[in-house]
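Numbers restart at 1 for each chain; the letters A, B, ... are given by sequence-line order, proteins then strands.
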Amino acid sequence: MKTMIASVKGARDFYPQEMAARQWLYERLRKVSLRFGYEEYDGPFLEKLDLYAAKSGEELVREQSFCFEDRGGEMITLRPELTPSLARMVAQRQSELIFPLRWWSFGPFWRYEKPQRGRTREFFQWNVDMIGVNSPEADAELLGLAAEFLREVGLKPEQVIIRVNNRRLMDAQFAALEIAPHMRPAVLKLIDRREKMNAAAWDAYALEVGLSGEQLEGLKRLLADGDLWQQSDDLQRVFSVLEAMGLREYFRYDANIIRGLEYYTGTVFEAFDVQESRAVLGGGHYDNLVADVGGEPLAGVGFAMGDVVISLVLKKYGLLPERWPGVADVLVTLFDMERSTAAFAFAMQLRRAGLRVVVYPEIAKLPKQFKFADRVGTRFVAILGPDEVATGKVTLKDLVAHEQETLTQEQAIAFVQSRLGTV
RNA sequence: GUGGCUGUAGCUCAAUGGCAGAGCGCUUGACUGUGGAUCAAGAUGUUGUGGGUUCGACCCCCAUCAGCCACCCCA
């Protein structure tokens, strides 16, 4: 084999089989998005570096995104996330858009990270946002949409659970523990890291952050309290709506859910594969989406889901279809040179009747042509040999039913359509 | 960005420092107008890449690339 140029690190090839899986996923999330009245949109794949520098940490952008200088000397970034583009798009037309708006998107993103299982440098992400509203009911709708997607793809609450918390609730609890406001970001980070450290190391880390022993004990009590949500009016209303939607079983209150992002101000949530505690999707409520890019403050709620982890999870639970429908319904064989024009003509009739048809592209032995049909998964094989052409007929074999009949061409079309259930 | 494990046929993997193999898949035939099954025969490798040690390297050493695992991060 000649030397081959390797693909870019962390990028994936989508062979037809993988493309079918991607399309399958897209169709399902699209279906759920539309069912809830969300409109599809997209931003540009290229953005100015400044757009992200304004919001995210500069270091993150510089070290974890693909940046380059264009010919005019401008720093351009392959979009690492959609939210800043969304904020700009909303701000640009803030006075003419109808709020609350419900938008969703599915497209490629790039992050310059070290690839490993479940993490690639090029990935697809589903983004769903409701903007211009500030209510627990809006949060609940979006949570419900996320859960409905899980249900739609066949994931059960025992497999993937959505853990929910609320930043304001946590803030009130911190105040009750007399944790000073300036320490709260560090405490949030502390909580975020809890599941990744052993208990003793975490305790030490907590004291290092500046918590007193008493505060640490209080914090632990708080994190273990599964009923804490009852002290939050927001969460009571969120869970009540989810209950009414019949999706309550997908959700669990968990004080450990914080989310790294600074702009979340209210309800936050993360869906996890229960077995591996791997994050499948995440999001939350924000008070101010567009002010950083020059608009008037707007509240909203949104979440994002990458295609990589959800695909791994679906595959693990056997929910990704293994076999995709074959590329065609009918293979028309070529018998010999003299009979080939009849084959091409018949194939065209089948296509005009709405069937997916391939003609074997060279004259070959019938066993070879049948084998090809079997392997690519066409259900029917049509033969126009000397006998058929002489009588204006066609022999049609159903490879699934192991039956064949010699019919007129009109009968043959009807035969295939009825067996495929397309009529 | 840090540390670790792994890289051998299209795929999954063997091979004590001494002739590079198996299963699956693939090609052809048994079968000149009929796929899957069976049987037979056949093809396929610069052992990721580049150096080094050695009489001799898939094996040992160094570097590099890629994948995986744990950190980091997770917008």
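- Evaluation of the ring pair (Phe, Tyr, Trp, His ring centres under 6.0 Å) rule for A:Phe239 yields A:Trp229 as partners, not counting sequence neighbours.
- For residues 364-388 of chain A, every residue pair satisfying the ring-ring contact (aromatic ring centres under 6.0 Å, His included) rule, not counting sequence neighbours, is listed here: A:Tyr360-A:Phe372.
- Taking the C1' atoms as reference points, B:U8 lies 9 Å from B:C13, given to the whole Å.
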Salt bridge (charged side-chain N to carboxylate O under 4.0 Å, His left out) assessment of A:Glu141 paired with A:Arg102: CA-CA 11 Å; A:Glu141 176 188 293; A:Arg102 295 177 166 90; 2.8 Å; yes
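- B:U28 and B:G1 have their P atoms separated by 48 Å, given to the nearest Å.
- Remark: C1' of B:C73 and CZ of A:Phe109 are 18 Å apart, rounded to the nearest angstrom.
- The ring pair (Phe, Tyr, Trp, His ring centres under 6.0 Å) check on A:Phe36 picks up nothing, with sequence neighbours excluded.
- The salt bridge (charged side-chain N to carboxylate O under 4.0 Å, His left out) check on A:Glu39 picks up nothing, with sequence neighbours excluded.
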Could you go through nucleotides 1-6 of chain B and list every protein N or O atom that sits under 3.5 Å from one of its N or O atoms, giving the distance for each pair?
from, atom 1, to, atom 2, distance (Å)
B:U2, O4, A:Lys114, NZ, 3.2

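- For B:C55 and B:U49, the C1' atoms lie 26 Å apart once the distance is rounded to whole Å.
- Residue-level contact check: A:Gly302 touches neither bases nor backbone, having no heavy atom under 4.0 Å from any strand.
- The list of ring-ring contact (aromatic ring centres under 6.0 Å, His included) pairs with a residue in residues 386-412 of chain A, not counting sequence neighbours, is empty.
- Using P as the reference atom, B:A70 and B:U53 are 39 Å apart when rounded to the nearest Å.
- At least one cation-pi condition fails for A:Arg163 and A:Phe251: the charged atom is not both under 6.0 angstrom from the six-membered ring centre and inside a 45 degree cone around its axis.
- Residues passing the ring pair (Phe, Tyr, Trp, His ring centres under 6.0 Å) test with A:Phe344: none are found, sequence neighbours excluded.
- Nucleotides B:U54 and B:C60, compared at atom C1', are 10 Å apart to the nearest Å.
- Each side chain to side chain donor-acceptor pair (under 3.5 Å) pair with one or both residues in residues 295-318 of chain A, not counting sequence neighbours, appears once here: A:Arg12-A:Asp307, A:Asp273-A:Lys316, A:Asp273-A:Tyr317, A:Gln275-A:Lys316, A:Glu276-A:Lys316.
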Per-residue pairing states of RNA chain B in dot-bracket (Watson-Crick or G-U under 3.5 Å; . unpaired, | other strand) read (((((((..((((....[..)))).(((((.......))))).....(((((..]....))))))))))))....
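- One interatomic measurement links the two molecules: OH of A:Tyr264 to P of B:C74, which rounds to 12 Å at whole-angstrom precision.
- Using P as the reference atom, B:A9 and B:C31 are 36 Å apart when rounded to the nearest Å.
- What separates CH2 of A:Trp110 from C1' of B:C74 is a distance of 18 Å, to the nearest Å.
- Remark: C1' of B:C72 and CG of A:Asp192 are 13 Å apart, rounded to the nearest angstrom.
- With sequence neighbours left out, A:Trp202 forms a ring pair (Phe, Tyr, Trp, His ring centres under 6.0 Å) with no residue at all.
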Per-nucleotide protein contact along nucleotides 31-38 of chain B, 5' to 3', at a 4.0 Å heavy-atom cut-off (B base, S sugar-phosphate only, - neither), is --BBBB--
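- Looking at heavy-atom distances under 4.0 Å, A:Arg193 makes contact with sugar-phosphate atoms alone, never a base.
- Between B:C39 and B:G10, the two C1' atoms lie 24 Å apart (nearest whole Å).
- The list of ring-ring contact (aromatic ring centres under 6.0 Å, His included) pairs with a residue in residues 280-309 of chain A, not counting sequence neighbours, reads A:Trp126-A:Phe303.
- Spacing between B:C59 and B:G18 at atom C1', rounded to whole Å, works out to 12 Å.
- The NZ-C1' distance, from A:Lys9 to B:U64, rounds to 11 Å in whole Å.
- Nucleotide B:C69 holds its C1' atom 11 Å from the CZ atom of A:Arg278, rounded to whole Å.
- Electrostatic pairing of A:Arg79 and A:Asp42 counts as a salt bridge here, judged by a charged N lying under 4.0 Å from a carboxylate O.
- Under the ring-ring contact (aromatic ring centres under 6.0 Å, His included) rule, A:Phe66 has a single partner from A:Tyr112, A:Phe109, A:Tyr52, A:Phe45, which is A:Tyr112.
- Here B:C74 presents its P atom at 18 Å from CG of A:Leu281, a figure rounded to the nearest Å.
- Here the C1' atom of nucleotide B:C65 and the CZ atom of A:Arg121 are 12 Å apart, to the nearest Å.
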